[in-house]
Amino acid sequence: MPTADKHHRRRRRRRRRRAATMSKSNWFRLSSFQIFDLMFNQRNIHELTCLFTIVVILTCQCLADDGYEMDDFLKREHSLTKPYQGVGFSSSSHWDLMGNAIITTEHVRLTPDLQSRQGAVWSRVPCYLRDWELQVHFKIHGQGKKNLNGDGMALWYTKERMQTGPVFGNMNLFTGLGVFLDTYPTENNNHERVFPYVSGMVGNGTLAYEHDRDGQSTELGGCTALVRNIPHDTFLLIRYTKNRLTIQIDVDGKQQWRDCLDLPGVRLPQGYFFGASSVTGDLSDNHDLISMKLYQLTVERPQEVEELTVPSVDNFEQLNKVEVQEEGMSGVQLFFTIVFSIIRIVLLGVVVVVMYGRWKENSPKRFY
C-alpha cells in the first residue's frame, strides 16, 4: 500500500507539473497572438489614417471656392507633355508644328534666340468642353540684356489655327481668346506697366490687336510677371468656367498661384483649337513650351445652356477706356503751346494798337 500511495502521489505531481507547463505555454501562445494581433491592428489603423489624410488632401485640392471639381484624369488629346509623342506630321498626331518650332527631349522650342524667327504648335482636335482649365509650363531665356530681348509668346483658344501674322506669330483679327506674355515694350511712352507683362484679349474676328500700343486698347486686364532668365520653373494657368475667365501665374518659385486677371461675362464658343506661338524680330529670346495640360472642370449648370457662335465680353466698352481716351500733352508740348499762345496775344494786341492809331490819324479833325 505505501508503495502504491507513493506511485499515485508521483502521478499527481507529474499531472500538476504538466498542467502548469501547459498553462504557461498556452498563456505564452495566447499572449504572442494578442501582441501580434495588437501590432497588426495598430498597423492597419496607421495605414487607414494615412489613407484618410491623403484622401482629404486630394479632396481639398480638387474642390474650390467656385464649386467646381477636376476630373481624375487630364484630357490627353488636348494636352502636350513629354516625351511629345503626339507632336509631328503623322496621321496619329494630335499637334502640328509650324515655322521654326522644333521638338527636343525637354521642350518644344517655338523660337530660338535668333532674329526674325517665328514658330507655333497647334492642336488638331477641337475642344468641346464647356468648362476647362489649362496649365502651362514654359521658359523664356536668352543672351540679351534687359529691355534688349523680345518679343514674347502667346497662348491661344481660337477658331482659326495654323495661321501666321503679326500677333506673336499668329494672325490678327483672330476669333477667340489670346493670352500674351509680352517681354518687350513697343510703345516708348508706356510708363504705366512693367515688362514682361501678361494680358488677355477676346477677339471676334473684327477686333484688331494694336501691336504699336502693346494691345492696351483691346486688353481685358493683366499683370507684371518677371518670367525671363530666372532659375526656377514658371507656370501660367487659364481657367474658363461659368463664363468667367481667370488667369493666374506661378513665377516666384513659391509653388503658389497668384491672381493676374479675373473677369466675369466672358463668352467663348465650343469647338475651338488650343495653340501657342512666338516671334522674334531685331531682338530675340528662346521661347520654350515644356507642357500644356488641359483639365475638364465639372460644374453645375442649368439644363438649357446658351449656344454661342461669336466670342464676346460683357460691357467691353466700359472695361476698356484706353481706346477712347486721348493722349495727354507732354511737358515740352505744353510749354510751347503756352509760349505760342502768349505770342499770338501780343501780336494781336500790336495789330489792334496800330490799327487804332491809323484810324485816329485818318479821322477828320474838328475846329471850334
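If you read the sequence from its start, that first residue is 1, and numbering goes on from there.
- Side chains of V227 and F138 form a contact here, defined as non-hydrogen atoms less than 4.5 Å apart.
- Summarising the geometry of N170 relative to Q163, their closest heavy-atom pair is OD1-O, 3.1 Å, with the distance given to 0.1 Å.
- Below 30°, between 30° and 60°, or above 60°: for W257 and F235 the angle between ring planes is above 60°, a perpendicular geometry.
- Annotation: the span from K82 atom NZ to H137 atom NE2 amounts to 7.5 Å, rounded to 0.5 Å.
- The nearest pair of heavy atoms linking H78 to S123 is ND1-OG, 4.2 Å.
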Carefully, step by step, assess E219 and R193 under the rule salt bridge (charged side-chain N to carboxylate O under 4.0 Å, His left out). CA-CA 13 Å; E219 76 171 33; R193 59 183 60 178; 3.1 Å; yes
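- Here the side chains of V179 and V198 are in contact, with some heavy-atom distance below 4.5 Å.
- Nearest heavy atoms, F168 versus A154: CB-CB, 3.8 Å.
- A donor-acceptor pair under 3.5 Å links the side-chain atoms of W95 to the main chain of S79, judged by distance alone.
- In this structure, N243 contributes its side chain and P264 its backbone to no donor-acceptor pair below 3.5 Å.
- Placement of V279 and L289 in two distinct hydrophobic clusters is found when ILVMFWY residues are connected by side-chain heavy-atom separations under 4.5 Å, directly or transitively.
- The salt bridge (Lys or Arg N to Asp or Glu O under 4.0 Å) pairs that include a residue from residues 272-295 are R109-D288, R228-D285, where partners are two or more places apart or lie in different chains.
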Test log, rule side-chain contact (heavy atoms from CB on, under 4.5 Å), inputs L97 and I102: CA-CA 7 Å; L97 293 177; I102 60 172; 5.9 Å; no
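- Summarising the hydrophobic clusters (Ile, Leu, Val, Met, Phe, Trp, Tyr; side-chain heavy atoms under 4.5 Å, direct or chained), the residues clustered with M355 are V351.
- Judged by distance alone, the side chain of Y84 and the main-chain N or O of S291 form no donor-acceptor pair under 3.5 Å.
- Considering all non-hydrogen atoms of both residues, Y272 and T158 come closest at CB-O, 3.2 Å.
- The CD1 atom of I247 sits 7.5 Å away from atom OG of S199, with the distance rounded to the nearest 0.5 Å.
- Rounding to the nearest 0.5 angstrom, the gap separating the CZ atom in R161 from the OG atom in S277 is 13.0 Å.
- Smallest separation of non-hydrogen atoms from A276 and M292: CB-SD, 4.3 Å.
- Judged by distance alone, the side chain of R344 and the main-chain N or O of I342 form no donor-acceptor pair under 3.5 Å.
- The backbone N or O of V251 lies less than 3.5 Å from a partner atom in the side chain of H232, making a donor-acceptor pair.
- For the atom pair CD of Q118 and OG1 of T111, the computed distance is 9.5 Å after rounding to the nearest 0.5 Å.
- Residues S93 and R124 have side chains in contact (heavy-atom distance under 4.5 Å, counting atoms from C-beta outward).
- Side-chain atoms of F316 and L207, non-hydrogen and from C-beta on, do get closer than 4.5 Å to each other.
- Shown here is E77, whose CD atom has more than 12 heavy atoms of other residues, nucleotides or ligands within 6.0 Å.
- A side-chain donor-acceptor contact under 3.5 Å links T175 and E160.
- Between the side chain of T224 and the main chain of V194, a donor-acceptor pair closer than 3.5 Å is present.
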Please test I238 against L245 for side-chain contact (heavy atoms from CB on, under 4.5 Å), starting from the C-alpha separation and ending with a verdict. CA-CA 7 Å; I238 306 171; L245 177 65; 3.9 Å; yes
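- In this structure the side chain of E307 reaches within 4.5 angstrom of the side chain of Q270, judged on heavy atoms.
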Go through it in stages, so that I can follow the logic: the residues are T280 and H287, the test is side-chain contact (heavy atoms from CB on, under 4.5 Å), and I'd like the CA-CA distance, side-chain angles, deciding distance and then a yes or no. CA-CA 9 Å; T280 64; H287 299 91; 4.1 Å; yes
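- Side-chain contact annotation: T186 with D214, donor-acceptor N/O pair under 3.5 Å present.
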So V167 and W156, side-chain contact (heavy atoms from CB on, under 4.5 Å) or not? Walk me through it. CA-CA 11 Å; V167 186; W156 304 97; 3.7 Å; yes
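- N149 places none of its side-chain heavy atoms less than 4.5 Å from the side chain of S284.
- Shown are T241, T246, L237; of these, the side-chain contact (heavy atoms from CB on, under 4.5 Å) with E133 is made only by L237.
- Rounding to the nearest 0.5 angstrom, the gap separating the CE atom in M162 from the CG atom in D96 is 4.5 Å.
- Side chain of D131 to backbone of T298: no donor-acceptor contact under 3.5 angstrom is found.
- Side-chain contact between R239 and Q248 is present, with heavy atoms from C-beta onward closer than 4.5 Å.
- Separating the NZ atom in K139 from the CG atom in D233 is a distance of 7.5 Å, to the nearest 0.5 Å.
- The minimum heavy-atom distance linking R267 with Y240 is given by the pair CA-OH, 3.5 Å.
- V346 and I338 fall within a single hydrophobic cluster, where Ile, Leu, Val, Met, Phe, Trp and Tyr side chains are chained together by heavy-atom contacts under 4.5 Å.
- For the pair N286 (side chain) and D113 (backbone), a donor-acceptor distance under 3.5 Å is present.
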